[in-house]
Amino acid sequence: LRCQHYPPLRALRASAALRRVSDEHKKEPSTSSSQQQFNSHPAGHQPEQEPQGPRPSYTGQGGQESEDYESEEQLQHRILTAALEFVPEHGWTAEAIAEGAKTLGLSVAAAGMFHSDGSELILHFASECNTKLSELLEQEQKLVQLGEAEKKPTDKFLRDAVEARLRMLIPYIEKWPQALSILLLPRNIPSSLSLLTSMIDDIWHYAGDQSTDFNWYTRRAVLTGIYNTTELVMLQDSSPDFEDTWRFLENRVADAMNMSNTASQVQSTGEAVVQGLMGAAVTVSNAETSSAVR
Amino acid sequence: VYQVFESVAKKYDVMNDSMTLGIHRVWKDILIHKMNPSPGTLLLDVAGGTGDIAFRFMNYVRSVRQRQLQRKLKHLQDLSWQEIFESYQKDKFNSLGDSQVIVCDINREMLKVGKQKAQHLGYSEGLSWVLGNAEELPFDDDKFDVYTIAFGIRNVTRIDLALQEAYRVLKPGGRFLCLEFSHVSNPVLSRLYDLYSFQVIPVLGEVIAGDWKSYQYLVESIRQFPPQEELKAMIEDAGFFKVDYENLNFGIVAIHSGFKL
């Protein structure tokens, strides 16, 4: 029911919080990344006049409905980014979003724009992590192309990519079981699944594996299984710097490589996927109860 | 309009219950639930006369605050007894978490009834009662986190002015919530609803409150009120973003929500 089309008059009205994209008087040139801009924004009533380019939102609309002003989506994007800082304390909840809105100088009521279970916050975080991973892999690929680095063998590449992506969870690891259970809600499954599959696709794309042992679906399913099971192991890992998790990851990737050499490859893939999902359901519920007890 | 509410004030709550068969309580609960206020929220309830919304807000915030405190105490299990005692002292007297409600109404009688109810039910801190006109609020700009108007906006002569005032007094990021009778689109239900409204309600008004005319006025004002989409457009014109509405009971009542962004 959101109104997509605003009459031209609205673009001229001074908006209280939506910032101007093109502005008249520039303050300090913002060279820092978009994540840090909100820190320099003093809580005030006037619309800030800092230069700011359009940023991609995870909904993929990249939308600016009126030309000169930041769109609602971009503002929501900023609020969610600000809210991440409060997740270790408040969990993935509307409270964290409210605190995030406060740091931007907005009323806590702005959290009402989002669903009260915090699912948008989690999806936003996951999508941000995926973007960071893509950038990382892109950079690595450039180095290889420039000849400044060696091309990694597939198993090492997969291990490093999955490890890099999972390490992004470390600051939020306490509350991550809660996030997983919210992502498994039927309402959120389409979005969370699409984020997961696009991440896996990305990794394979940069892995550039041309082997004909695997077909495309098998590769996807195998890596998804590896990622999910490693993630769950990580949630319950208390070893220093999660070394047990990385060792588990190494073994799983090695298994996957060996799988391609056997004729029962397709069957084991199916098994791996099913095991991964079953393990997911059981471990998440265990993690939830154990974290509740804690 | 003033005289209507003067005579109606004392019997207001009773009439609400009988007219809506008690469902108005559910509607108001849904409104607060949708608002999902966190402790520390400053609420302005306009045309809130007898305080229904205000009391529900207090209850909600108090229970959220309790949960917050419980969670904090769990975290404190590694501290010494002295430290736990001190933090408990600090938080014990802050059961509302600094949340506040200002109930504003144009009618002194309604406010009086509201104040009496508050005393009777035991609500003391965090409540203020202010006489004021929705078209010209006696408050500064950018002050409130949430502005609500429950079953009051149809009594405002210039709705656009009320919406502009709402926009003015809200903080950036603040939320506008409006609970009001609206348009039933389902034709079958619409006919039943009309029957009930025009035949039953004024009779109830006469029997319970001794006032046929006021309730006749009430029913007619509901019919004249703009439907959901039109009200949504008016709210957008006042400058609100992310304007949306939720129909309750097939459109008998609708909650409109907008943000000052």
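In what follows, chains are A, B, ... by sequence order, proteins preceding strands, each numbered from 1.
Taking CG from A/L106 and NZ from B/K260, the interatomic distance works out to 11.0 Å, rounded to the nearest 0.5 Å. Going from atom CG of B/N36 over to atom OG1 of A/T93 covers 9.5 Å, rounded to the nearest 0.5 Å. Here the straight-line distance linking atom CZ of B/R67 with atom CD of A/E95 works out to 7.5 Å at 0.5 Å rounding. Taking OG of A/S107 as the start and CZ of B/F144 as the end, the distance is 11.5 Å to the nearest 0.5 Å. A/Q76 CD to B/F241 CZ: the interatomic distance, rounded to the nearest 0.5 Å, is 12.0 Å.
Taking non-hydrogen atoms and a 4.5 Å limit, the residue list of residues 38-47 of chain B in contact with chain A, ordered by number, reads B/S38, B/T41.
Residue B/V146 comes nearest to A/A109 through the heavy atom pair CG2-CB, 3.8 Å, listed as atom of the first residue, atom of the second, then distance. Scanning both residues, A/G112 and B/R175, for their nearest heavy atoms gives CA-NH1, 3.7 Å.
When heavy atoms are compared at a cutoff of 4.5 Å, A/A101 does not approach chain B at all.
A ring-ring contact (aromatic ring centres under 6.0 Å, His included) check over residues 33-55 of chain B, counting only residues at least two apart or in different chains, returns the pairs B/H33-B/Y60, B/F55-B/Y123. Applying the side-chain hydrogen bond (donor to acceptor under 3.5 Å, both in side chains) rule to pairs touching residues 129-138 of chain B yields B/E135-B/T157, sequence neighbours excluded. Sequence neighbours left out, not one pair with a member in residues 93-123 of chain A passes ring-ring contact (aromatic ring centres under 6.0 Å, His included).
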